[in-house]
Amino acid sequence: MTVRVRIAPSPTGEPHIGTARTALFNWLFARHHGGQFVVRIEDTDRSRLVPGAVESIRLMLRWLGLEPDEGPAVGGPCGPYFQSERLDLYHREIETLLANGSAYTCYCSPERLAAVNSERQKQKLPPGYDRRCRGLSPDERAAAEAGGVKPVVRFAVPLDGVTVVQDAIKGEVEFENALLQDAVLMKSDGYPTYHFAVVVDDHFMQITHVLRGDEWLPSTPLHLLIYRAIGWEAPVFAHLPLILGKDRAKLSKRHGDTAFKAFVDAGYLPDALFNFLGLLGWALDDKTEIISREQFVEQFDLAGISKSPAVFDFDKLRWMNREYIHALPAERFAALSEEWLLKDLPDELAQRVTPEIVRRIAPELQTRLELLSEIAPKLRFLFEDDVTYDRATLLGKRFTSRPEEALFTLEEIAAELEDIEDWEKDGIWEAVSRVFEQRTLKPREAAPLLYVAITGAPQGVPVNAGMAALGKRRSIQRVKAAVSLLSD
RNA sequence: GCCCCCAUCGUCUAGUGGCCCAGGACGCCGCCCUUUCAAGGCGGAGAUCAGGGGUUCGAAUCCCCUUGGGGGUACCA
């Protein structure tokens, strides 16, 4: 039997980074076993639908390189892949459940449900439905029906016994049936709830393994019971450890922007995020951190998945992204630099960006980045007419008490630069270091002065390379501008 | 409250009875290199394996209890 897995996101907003991790694990599992990865949209909560969300999910998968074998965009033999288009299926199956007595219609109003709950709370009982409609006589049922109430359909869970979940990661987990709720299977609007739709769809889509977040483990016995009531074989369940924030609570908006899109916008590389996410709850061995897609596919399996939740470490993600940026071929990095420059710079500056100038400076930048979004701020000085900074920044620690020394140094540098015929970075640096030597200044202490004059900031790409890219005239102009700032 | 899961350096983890007075990585610190800042190289601090009981010749690894953390408990998914 070929392995078939799925992810089943609900289109209720921008996809979450956790959804990406679940998708990745499913995709990896499918690829490792030569199986299929399907995408199904769980859009049964009509009130929470967000337009565009399905497209965002598609984009996320594509960006990460997790192309589905079946799903809304690609189709497939088990469609449709929107639950809202599979309603007749759910209605058909709910009839079997109703007919064999494992489900019943419930006419209780939301108000009564709330009242029951508050009453139970008062008596220090666990909240839940009191199963009032489970015991309705045919007459009572007919009466309620005549009253025009739109009923829901509830599952009639066994009142005793134990349901055992065989989880591929957690092992054997037992649940007492008596503690389970008569969950709603069909809502009064005619749409199924998650619990029912997931069982019906996973069955008809021939899903063999359900890899989903740990938060679903408590509802798995219910799902198992539904499979049994219809007479279907259940898939293998594997509950993935949760991703936590710094405070060890389930990662969510309050830990910052956890929308997948935020990671794209920040300038993470797809391969880096793929690698990092793949290591969130799974490890290859005792030492390997940087793992290629091929290696992941080859090595990934359920056996390596950890049972305990993992805190999302942004520091490590940034480090990993830097590793991937560093490993990029020079040409690729230059192309990305240009792309991000055009995207992040204001239009009037972006117009001045040329492939030549970017290719020239990009190698100097490549080891100095954690995120691609840092490119524009670091290279902006190349495209501006002039840079702005204050006197204190220019003088830095070294020259604060001796501004005249900074002034003379810059004047001499300007003079030396004038004499350069072949304007390239080595010659520029020779000229600058000549001045430093004459004045017995160590580059370590004097260089920031020049950095500020040229780029506006005391650190960044090597200043001589920056000047080479800037051009002779503009470079000297900036040194002179610094001189005049100090002369005032 | 009740049910369930989890528990190795701050964080991600390796570890499935002896190779572990616990290995790697991020982060942190120091040194070297050096055109500032990075990168790179080298080194360091950092975990009595949550605590307590067992089992065993021997336990981070098995069992029990405690504690801690998390998740679930909707006509949301």
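Keep in mind the model is a prediction, meaning the values are calculated, not measured. Heavy atoms only: backbone and side chains are in, while hydrogens, waters and symmetry mates are out. Note on naming: letters A, B, ... go to the chains in the order of the sequence lines (proteins, then strands), and numbering restarts at 1 for each one.
- Nucleic acid contact for A/Val432: none, since no nucleic acid atom lies under 4.0 Å from a heavy atom of the residue.
- Nucleic acid contact class of A/Arg444 (heavy atoms, under 4.0 Å, all strands): base.
- Judged by atom type and distance alone, A/Glu289 reaches the base of B/G24 through a side-chain donor-acceptor pair under 3.5 Å.
- With respect to A/Glu55 and A/Arg58, a salt bridge is recorded, a charged nitrogen being found less than 4.0 Å from a carboxylate O.
- Salt bridge status for A/Asp130 with A/Arg112: present, with a side-chain N to carboxylate O gap under 4.0 Å.
- When heavy atoms are screened at a 4.0 angstrom cut-off, A/Trp429 is found touching base atoms of the nucleic acid.
- A sub-4.0 Å separation between OP1 or OP2 of B/U11 and a side-chain N or O of A/Arg248 is present.
- Dashed line: the shortest gap from a side-chain N or O of A/Lys397 to OP1 or OP2 of B/U36 is not under 4.0 Å.
- Under 4.0 angstrom from either OP1 or OP2 of B/C76 there lies at least one side-chain N or O belonging to A/Lys187.
- Close to B/A25, at under 4.0 Å from its OP1 or OP2, lies no side-chain N or O of A/Lys287.
- At a threshold of 4.0 angstrom between heavy atoms, the contacts of A/Ser188 include nucleobase atoms, whether or not backbone atoms are also involved.
- One finds no side-chain N or O of A/Thr193 lying less than 4.0 angstrom from the OP1 or OP2 phosphate oxygen of B/A74.
- Relative ring orientation between A/Phe237 and A/His239 is described as parallel, the plane-to-plane angle staying below 30° on a 0-90° scale split at 30° and 60°.
- For A/Arg154, taking side-chain heavy atoms from C-beta onward, the closest of the listed nucleotides B/C3, B/C75, B/G70 is B/C75.
- A donor and an acceptor atom sit less than 3.5 Å apart, one in the side chain of A/Thr367 and one in the base of B/A38.
- Residues in residues 276-293 of chain A take part in these salt bridge (Lys or Arg N to Asp or Glu O under 4.0 Å) pairs, two or more places apart or across chains: A/Asp271-A/Arg293, A/Glu289-A/Lys316.
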